[in-house]
Amino acid sequence: MNETSPPAVYDFASAEPKWQQAWEDAGCFLADDVPQGARPKYYVLEMFPYPSGKIHMGHVRNYTLGDVVARYKRARGYQVLHPMGWDAFGLPAENAARERGVHPGVWTRSNIAAMRAELRRMGLAIDWRREFATCDPAYYGQQQRLFLAFLQAGLVERRESFVNWDPVDGTVLANEQVIDGRGWRSGALVEKKKLSQWFFRITKFAPELLASLDTLKRWPERVRVMQAKWIGRSEGARLRFPLVREEAGIAEVEVFTTRPDTLFGMSFVAVAAEHPLAAAAAARDAGAAAFVAACRGMGTSEVALETAEKQGYDTGLTVRHPFLPDRVFPVWIANFVLMEYGTGAIFGCPAHDQRDLDFARKYGLDVLPVVVPAGEDAAAFSVADRAYDGPGLIANSGFLDGLGIEDAKRAAIDAVAARGWGAGVVNWRLRDWGVSRQRYWGCPIPVIHCGTCGIVSVPDSELPLVLPDDVTFDRPGNPLDHHPTWKHVACPTCGAAATRETDTCDTFVDSSWYFARFCSPGSAMPVQRAAVDSWLPVDQYIGGIEHAILHLLYARFATRAMQATGYLDVAEPFAGLFTQGMVTHESYKSADGRWLYPEETVTSDGVVTERANGAPVAVGRVEAMSKSRRNTVDPGAIIGRYGADTARWFILSDNPPERDIQWTESGVVGAYRFVQRLYRLAEASAGSAPGRPARFADAAQALRRVTHRTIASVTQALDDFAFNVAVARVYELAGAVAEADREGGTDGMAFARREAVEVAARLIAPMMPHLGEELFTLLGHDSLLADEAWPEADPSLVAAQSLVIAVQVMGKLRGTIAVAPDATAETVTEAAEAEPNVARLLEGKRVVKRIYVPGRIVNFVVAG
RNA sequence: GCGGGUGUGGUGAAAUGGUAGACGCGCCGGAUUCAAAAUCCGGUUCCGCAAGGAGUGUCGGUUCGAGUCCGACCACCCGCACCA
């Protein structure tokens, strides 16, 4: 890598800041809270960044994609809302406070300032007046208002639940922060602890969150599939089995099943280790207690789950069966039954469920097939070590015998319901969203706990409830809880001494409604109704696939919750979603095994060596850029050396945006060369436009055709999000100008050439906005290209004047012919038949069929 | 295991069922230059001197015609995963 910029005719370093200032001065990208006039609205939004302090290439890609859409839509006549903000709460700021003694707020603010400067250097068409950070009291105060509105509406509740508790850090951990059963930071063994937590009742919306996925036509299929699976609707039944003998006051055990048709194949009941019945058994039976404890200690990592063998413990309890009064079935505690799903208890039908079969074989329980596949004899059909879960007819099942599976399910549910043993239900995998975090750097949950009044909302007049600044991070646990005075307040209702809630919100709450706040960021309420009514939904949302489930689901929930509480009236926040691919890079390892940054290496003739000492370097896999592998490229350095337009152009070229893109030095240099080339090409047509000539010579007319076809194809490519194709079409246009220059100055060429260059400037404007402005000025305009309308292709020039038709014989290409666009099918087939190579192949054969696809191909089908 | 995706030159990739490989990178050759850089031009799927032939992971199918549609399989990637 060179430290200095390559030779240049176009000085991006002075031009880029100049145009950024010009856009700013002209207010090009400002939007109204309530759009005015007849122009349609378009809301484009990229997922806002966490202010880590530096932008990375993923940001460059994300914000470039969004910026192209924003600028293109604006040129197409839309009023565009394109805002930016900061997802500014979260743990890294507290870690910085612990490690370096800097206040989270100070650390966050300085990171925001640094990142804002870097983003501004990219030349993004953003309405920066709308910028906010989620750690602004003006933002989180409104979030508190929403929280209380949701609480009022019954969409928030407080209840006990098991959490991952880190005893050393004194905090609750998210599942992904538990690694091999230990806290990711402290390394302490994580405990399952029952704690009072705040929950958003997302499950209330489960049916509509699932159903309305079908309305999200402009979402990637896989995201919808992932969400549907996450929500996890399953139809089945709840059944209650009476215990033969009560245990600690528990008289029955309720199970959930999707296979009530296999009820006669039951051989046991199994409950989760956390199930009350398991606890009851453990209380009197040391063996049960040991088993339950072992389950709790078992790793929750994926590896542990995958390799975990089916294990169980017979409680000695038994249950009755609704249709088999003479028999009783054992109740086991089993490690494969999940307390979180269904009722935490199942009935085992080993013949038709692999897990139950594994369990039954291990503990010698009965295996009775009750579904017999077509063609099998009911008496002889048996199951060995493979459970049968296919279609068939019910057997060995009393009144269900002979029914199909679906009929049997209905009949079983009806019969069970008639006897009062259970009912058909729909079960959901989705669980309520626990939002409590025992942390400082988050939005305080605005409630007060009063000994007499219970939970009391912080009065509206006291919002925002601001985080205290004077906190310390010198000991584990929540600084809000340690604060000497903050949590002690008088109850707003009765005036007695009370305490504030010291939990703060999960940061996913902050990002679940920011898109709505952007519509009217200064509003004294969470949103201004007229603003959200006109701007929402977001027309195009762009971000990483890693947010396919949680963030997008939470935002969908929050939108519905805001709809239910009257803040807005859309059900879905994002009409269009685009998920971009990652930015990857080769990784480099020195001979002694250290990862090296790309700039620490030198590549010469394909051999990579270490810059410092010339030692050989091993080139590793191409992977997502990550600090740990040091295969990162700093966008700031790239923009400094080649300019923002080059970085933008490269990241758009080569690959479709949904696919991973490999960042390569040579690719960037190629993009840079094109920036310079386009400028040189434009220089030759500098100044004001020549008059339109009376006639165009062939070469000039040919160039005009390319120009107008390029308008049409780039427009189509941008509409399709095929930015790499748009880039390729612009390259072709530049090539056509160069070719025309070799033809020399024929009639009308000056006009045609100038037209081509100006169209190029207009077409690149969404992608390379600074260069676009520079060329536009070079061509004698004194207005801003950013305010210009998108060019229109002249249909008469887009239509070909002569068509090249492929001629096939038996579907194989044998030649081409040129015909007039309006040539009749007869003329074309005759010309095709006369084509020498075709004629040769047709000689002596009988043509049985002539296929002509107008403007495309002729195909001769021959016999003999 | 389940779900989704992707397989095309040296390489990143294009291609409403209709001339496969547009465009970029790399490479080769040429022009320019004292020389180099930069720039410009040409070539670059494979076999073949050519004519021609073959070719989009594999095998089959539909079709006048398949990279594209259908079926089976292989490889890789991503997600989920004891969800009853």
Side-chain angles (χ1 to χ4, degrees), chain A residues 6-9 220-226 228-230 232-234 236 255-259 262 270 272 302 305-306 308-310 334-338 340-349 352-356 358-359 427-430 545-546 548-549 581-582 606 622 649-650 653-656 658-662 664-671 673-674 676-677 680 713 716-717 722 724-735 738-739 741-742 804-817 837 848-862:
Chain A
V9 288
E221 174 69 14
R222 63 173 174 151
V223 174
R224 287 184 302 190
V225 168
M226 282 161 80
K229 284 185 71 169
W230 187 265
R233 180 183 196 272
S234 61
V255 306
F256 174 72
T257 180
T258 56
R259 294 297 302 272
T262 64
E302 279 182 26
L305 286 175
E306 215 168 325
E309 213 183 315
K310 302 275 178 297
N335 67 340
F336 67 92
V337 179
L338 306 174
E340 302 86 35
Y341 188 77
T343 61
I346 61 159
F347 80 77
C349 176
H352 305 294
D353 183 289
Q354 191 60 45
R355 296 158 302 184
D356 297 347
D358 294 344
F359 192 76
N427 194 60
W428 300 86
R429 181 183 175 278
L430 185 68
I545 187 70
E546 67 272 20
I549 295 177
M582 293 183 302
V622 174
W649 188 250
F650 173 68
S653 61
D654 283 10
N655 270 35
E658 67 274 15
R659 225 177 285 182
D660 288 354
I661 189 169
Q662 187 184 350
T664 63
E665 184 70 10
S666 60
V668 180
V669 172
R673 278 206 297 261
F674 184 67
Q676 296 296 335
R677 181 179 192 214
R680 283 193 304 271
S713 55
Q716 185 64 50
N724 54 324
V725 178
V727 165
R729 297 287 101 90
V730 174
Y731 274 115
E732 284 172 335
L733 179 57
E739 191 184 334
D741 287 347
R742 291 196 294 283
V804 178
I805 303 289
V807 185
Q808 300 178 340
V809 178
M810 298 299 281
K812 292 203 181 228
L813 181 72
R814 298 302 178 181
T816 57
I817 54 169
N837 195 40
V848 295
K849 201 168 177 186
R850 294 175 173 78
I851 293 146
Y852 174 51
V853 182
R856 294 280 186 181
I857 62 135
V858 176
N859 188 15
F860 295 105
V861 184
V862 297

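The shown structure was predicted, so the numbers you read here are calculated from the model rather than taken from an experiment. The chains referred to below are lettered A, B, ... by the order of the sequence lines, with proteins before strands, and numbering in each begins at 1.
- For B:G65, the glycosidic angle deviates from 0 by more than 90°, giving an anti base.
- Note on A:Ala270: nothing from the nucleic acid sits closer than 4.0 angstrom, heavy atoms only.
- The A:Val725 side chain lies nearest to B:A15 when the options are B:A84, B:G18, B:A15.
- Residue-level contact check: A:Asn724 touches the backbone only, with heavy atoms under 4.0 Å from sugar-phosphate atoms and none from bases.
- Summary of the strand contacts: A:Gly811 and A:Ile857 both lie near RNA chain B, and taking for each the nucleotide with the nearest heavy atom, the more 5' one is attributed to A:Ile857.
- Residues satisfying the side-chain hydrogen bond (donor to acceptor under 3.5 Å, both in side chains) criterion with A:Glu546, sequence neighbours excluded, are absent altogether.
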Under-3.5 Å N/O pairs linking protein and nucleotides 52-55 of chain B:
{"from": "B:G53", "atom 1": "OP1", "to": "A:Arg814", "atom 2": "NH1", "distance (Å)": "2.4"}
{"from": "B:G53", "atom 1": "OP2", "to": "A:Arg814", "atom 2": "NH1", "distance (Å)": "3.2"}
{"from": "B:A54", "atom 1": "OP1", "to": "A:Lys812", "atom 2": "NZ", "distance (Å)": "3.4"}

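- Listed by chain and number, the residues in a salt bridge (charged side-chain N to carboxylate O under 4.0 Å, His left out) with A:Arg814 amount to none (sequence neighbours excluded).
- Every residue two or more places apart in sequence or in another chain that forms a side-chain hydrogen bond (donor to acceptor under 3.5 Å, both in side chains) with A:Arg233 is listed here: A:Glu235.
- Taking A:Glu732 as the reference, A:Arg729 meet the side-chain hydrogen bond (donor to acceptor under 3.5 Å, both in side chains) condition, with sequence neighbours excluded.
- Protein atom CD of A:Gln716 is 14 Å distant from nucleotide atom C1' of B:A15, rounded to whole Å.
- More than 12 heavy atoms of other residues, nucleotides or ligands lie within 6.0 Å of CZ in A:Arg224, so this atom counts as buried by the packing criterion.
- Within the 4.0 angstrom heavy-atom criterion, base atoms lie near A:Val337.
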Taking only N/O atoms, report every protein-nucleotides 23-30 of chain B pair under 3.5 Å with atom names and distance.
{"from": "B:C25", "atom 1": "OP1", "to": "A:Arg673", "atom 2": "NH2", "distance (Å)": "3.3"}
{"from": "B:C25", "atom 1": "O2'", "to": "A:Ser666", "atom 2": "OG", "distance (Å)": "3.0"}
{"from": "B:G26", "atom 1": "OP2", "to": "A:Arg673", "atom 2": "NH2", "distance (Å)": "3.4"}

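- Contact between the side-chain N/O atoms of A:Arg680 and the OP1/OP2 oxygens of B:C40 is found at a separation under 4.0 Å.
- Under the side-chain hydrogen bond (donor to acceptor under 3.5 Å, both in side chains) criterion, A:Ser234 pairs with A:Tyr341, not counting sequence neighbours.
- With rounding to whole Å, A:Leu338 atom CG is found 14 Å from B:C80 atom C1'.
- With B:A81, B:C64, B:C41 as the choices, the nucleotide that has an atom nearest any side-chain atom of A:Arg429 turns out to be B:A81.
- Regarding contacts with the backbone of B:A13, a side-chain N or O of A:Asn655 is found under 4.0 angstrom from either OP1 or OP2.
- Evaluation of the salt bridge (charged side-chain N to carboxylate O under 4.0 Å, His left out) rule for A:Asp356 yields no partner, not counting sequence neighbours.
- By the 4.5 Å heavy-atom criterion applied to side chains, A:Pro656 and A:Arg659 are counted as neighbours.
- The nucleotide whose nearest atom lies closest to any side-chain atom of A:Asn335 is, among B:A84, B:C82, B:G18, B:C82.
- Looking at residues two or more places apart in sequence or on another chain, you find no salt bridge (charged side-chain N to carboxylate O under 4.0 Å, His left out) involving A:Glu340.
- With sequence neighbours excluded, the residues satisfying salt bridge (charged side-chain N to carboxylate O under 4.0 Å, His left out) with A:Asp741 are A:Arg753.
- For A:Met810 and B:U63, the CE to P distance is 13 Å, given to the nearest whole Å.
- By the 6.0 Å contact criterion, CD on A:Glu739 is open, its count of non-hydrogen atoms from other residues, nucleotides or ligands being 12 or less.
- Residue-level contact check: A:Val861 touches the backbone only, with heavy atoms under 4.0 Å from sugar-phosphate atoms and none from bases.
- Within 4.0 Å of A:Val804, counting heavy atoms only, lies at least one base atom of the nucleic acid.
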5' to 3', nucleotides 3-11 of chain B under a 4.0 Å protein heavy-atom cut-off (B base, S sugar-phosphate only, - none) gives SS-------
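- The distance between atom CH2 of A:Trp230 and atom C1' of B:C80, rounded to the nearest whole Å, is 9 Å.
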Read 5' to 3' with Watson-Crick or G-U pairs under 3.5 Å, [ ] for crossing pairs and | for partners on another strand, RNA chain B gives (((((((..(((.....[....)))((((((.......))))))(((....)))..(((((..]....))))))))))))....
